[in-house]
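A note on names: the letters A, B, ... follow the listed sequences, proteins ahead of strands, and every chain is numbered from 1.
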Amino acid sequence: MEKNYDIKLAVSLYSYQDNYYFKRYDLEGCIAAAAGSGAEGFEVFADNMMPEWPYVSDEFADRFFGLQERYGIKAVCLDHFSDRAMWKNRQLTDDEMFERGVMYLKLAKKLGIPIVKLLHQEHIARVPISGYNLTTYEIIERMLPIAADMGLMMALEVHTADGVGADYQQKYIELAEKTGLHNVGLMADFSTFSYCMTTADIVDHCSRGAQREILEFLRSKQREAYFAGEPFEYESIREAVEKMSPNEATQSAINFAVRHGRGKPSFAQLYKELKEYASRMVYVHGKFYDIDENGQVDDMDYPKIFECLKEGGYKGYVASEFEGNRRMNMVGWVDEIEYVRKHQALMRSLL
Amino acid sequence: MTEKKFFVPESLHNFYANGYPVGFQFQITLGGYRNKPLSCIEKFVVKVDDVEVPANMIHFCLGFKKYLPHEISDAYTDYWAAQDPATVEIDQLGGLPFGEHKIEVIMLAKSAYIGSPFYVTDVVNQPHTYNVSNMGKAEMMWVMS
């Protein structure tokens, strides 16, 4: 149901991936669940929930429009992938990556989806961590007039620790300004604002043999630092952790958490930049892994994040993107439907 | 548990022509959440009771299409849906005799955008094994009944 706020809420159907995988819910069921959570929009992966991808039939399109009518919810974002490595003998060329990118744009146009979340070169870091180039600036530059012609927005998801204000993301904003084609823009992902190890990660690491006591100690110290407004320095607790005799699984979990936090700007700066860029952002992922007993996301400061978005004048969708399923499903069924419902309630309370 | 199993439990059975067993089949799933272009599957080997099955006896089946192992990675535009099992058919006159058999599948299925090779395995808590040696395997003991 559409509501009258500048910020609207959506659900990425990625959040329901286990329900879909285990065939508890089909595409219709996932759309119905998103609508049932109170969201006004949903985001969909063609590569996951549209078996006909990349050549989707008119029959599918008709049904897709019908489902939106039936459940009173709009498809607002389609997910793009940069499958540079999909062939066996060689990497795709830039021309081929461009052509595949356009296939996603055409599908979005056919299905009436206004935003394409595009996997751009600086998606996860300044350079791709895998060594394979994703969709580069030059390819996006070629896609831009096509997106403009189709009336679509290409949203570049910033999944990095340094957020939308990082210098190497600015060229995309400049591209839109330079060409006057405002069909490309940045989108924030809340994972940038994670200030401690999530309880979902603790469940995951413990299922692989890590020691809960040590990880909870680490988490409590990270939280203390965040709420004191100070940077977390692992060195300050290294000795205490070593006295607790961490096993290999625990050490690997700690290393991952510490590595992730290294070189991260201060939270004060990240919030300042989120506010500064909010009015120019084109889409937002409300990432979350777990929700605590108070209904809060357990490793991110949602009240603060929403304050920045509102004060900064963000107008667009924030989509629930639940990833706790992938971390916690080894120890039992994770109720994705209920997690998303709680997350939507939390975000709604912050509008 | 919500473990995504590589082998579909209890999917192994003989198949028949004119009432005579001419082979056996079982099902496997890809796991994960994304459908995968078949061109990402660079290697597909089946071993039965530690003996490698000749490639010309193996058919990898998705929907109405069948592929020999070396044809899988040429199917650039065919996708394997993450949640839909593929059927592996093995030609063997007489089928698989009743009793306990070890079925092993060695499948190299790289990620289409990250490029790293990984194997879907049947090991609890370890659905994806990254292996720099490019060798990995999924195996399980099944009882024919």
Side-chain angles (χ1 to χ4, degrees), chain A residues 13-24 26 45-55 79-89 91-92 96-97 100 119 123-124 128-135 204-209 249 323 325-326 328-336, chain B residues 1-6 8-9 29-44 62-65 67 69-85 107-118 120-121 123-130 132 134:
Chain A
L13 301 188
Y14 172 86
S15 307
Y16 303 133
Q17 60 177 274
D18 278 3
N19 272 280
Y20 189 76
Y21 181 89
F22 290 106
K23 299 186 178 178
R24 292 192 180 197
D26 57 7
F45 279 65
D47 306 57
N48 180 18
M49 297 192 179
M50 297 181 194
E52 297 177 1
W53 158 257
Y55 300 107
D79 285 278
H80 156 274
F81 271 91
S82 292
D83 288 340
R84 178 85 66 175
M86 69 177 282
W87 283 28
K88 67 174 177 182
N89 297 326
Q91 294 187 28
L92 294 198
E96 289 161 344
M97 292 292 280
R100 285 190 68 79
L119 206 59
H123 163 74
I124 201 117
I129 51 171
S130 68
Y132 283 78
N133 281 338
L134 298 171
T135 298
D204 184 20
H205 293 305
C206 290
S207 77
R208 299 164 202 272
E323 275 202 358
N325 35 17
R326 294 172 70 177
M328 298 188 284
N329 61 10
M330 281 303 173
V331 290
W333 180 252
V334 178
D335 190 345
E336 297 162 334
Chain B
M1 294 294 290
T2 50
E3 181 198 349
K4 293 172 179 172
K5 290 181 184 295
F6 180 61
V8 176
T29 59
L30 192 53
Y33 69 93
R34 260 198 88 194
N35 306 342
K36 191 177 286 295
L38 288 183
S39 52
C40 286
I41 297 173
E42 298 196 337
K43 183 177 182 181
F44 195 85
L62 269 183
F64 296 109
K65 287 192 176 177
Y67 310 84
H70 77 270
E71 294 171 331
I72 301 173
S73 59
D74 284 328
Y76 298 102
T77 56
D78 291 351
Y79 283 73
W80 183 0
Q83 67 280 20
D84 287 343
M107 183 177 82
L108 170 57
K110 68 179 178 182
S111 154
Y113 76 106
I114 296 172
S116 9
F118 67 84
V120 185
T121 78
V123 181
V124 176
N125 287 349
Q126 205 179 334
H128 296 161
T129 299
Y130 291 84
V132 290
N134 284 356

Atom of [X], atom of [Y] and distance for their closest heavy-atom approach:
X	Y	answer
A85(A)	S111(B)	CB-O, 3.8 Å
Y21(A)	Q83(B)	O-CB, 3.4 Å
F81(A)	Y113(B)	CE2-CE2, 3.6 Å

Handout entry: Short side-chain to backbone donor-acceptor contact, K110(B) and W87(A), under 3.5 Å
Key =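 At least one qualifying donor-acceptor pair exists.
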Exercise for the section: Report the distance from atom NZ of K88(A) to atom CD1 of I72(B), rounding to the nearest 0.5 Å. Expected result: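 Taking NZ in K88(A) and CD1 in I72(B), the distance rounds to 10.5 Å.
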Handout entry: Point-to-point distance, once rounded to the nearest 0.5 Å, from CE of M86(A) to SG of C40(B)
Key =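 So the gap between those two atoms works out to 6.5 Å.
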So do the side chains of [X] and [Y] get within less than 4.5 Å of each other, counting heavy atoms only?
X	Y	result
D84(B)	K23(A)	yes
M50(A)	N35(B)	no
R34(B)	D83(A)	yes

Problem - Engaged part of Y14(A) at the chain B interface, taking heavy atoms whose separation is under 4.5 Å - result: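 Looking at Y14(A), just its side chain touches chain B.
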Exercise for the section: Counting only heavy atoms closer than 4.5 Å, note whether L119(A) contacts chain B via side chain, backbone, both or neither. Expected result: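 For L119(A), the contact with chain B is made by the side chain alone.
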Practice task
Could you tell me which portion of Y79(B) (side chain, backbone, both or neither) has an atom closer than 4.5 angstrom to a non-hydrogen atom of chain A?
Solution key: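 For Y79(B), side-chain heavy atoms alone lie under 4.5 Å from chain A.
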Exercise for the section: Could you tell me which of D47(A), L92(A), N325(A) has the largest number of non-hydrogen atom pairs under 4.5 Å with chain B? Expected result: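 Result: the option with the highest number of such pairs is D47(A).
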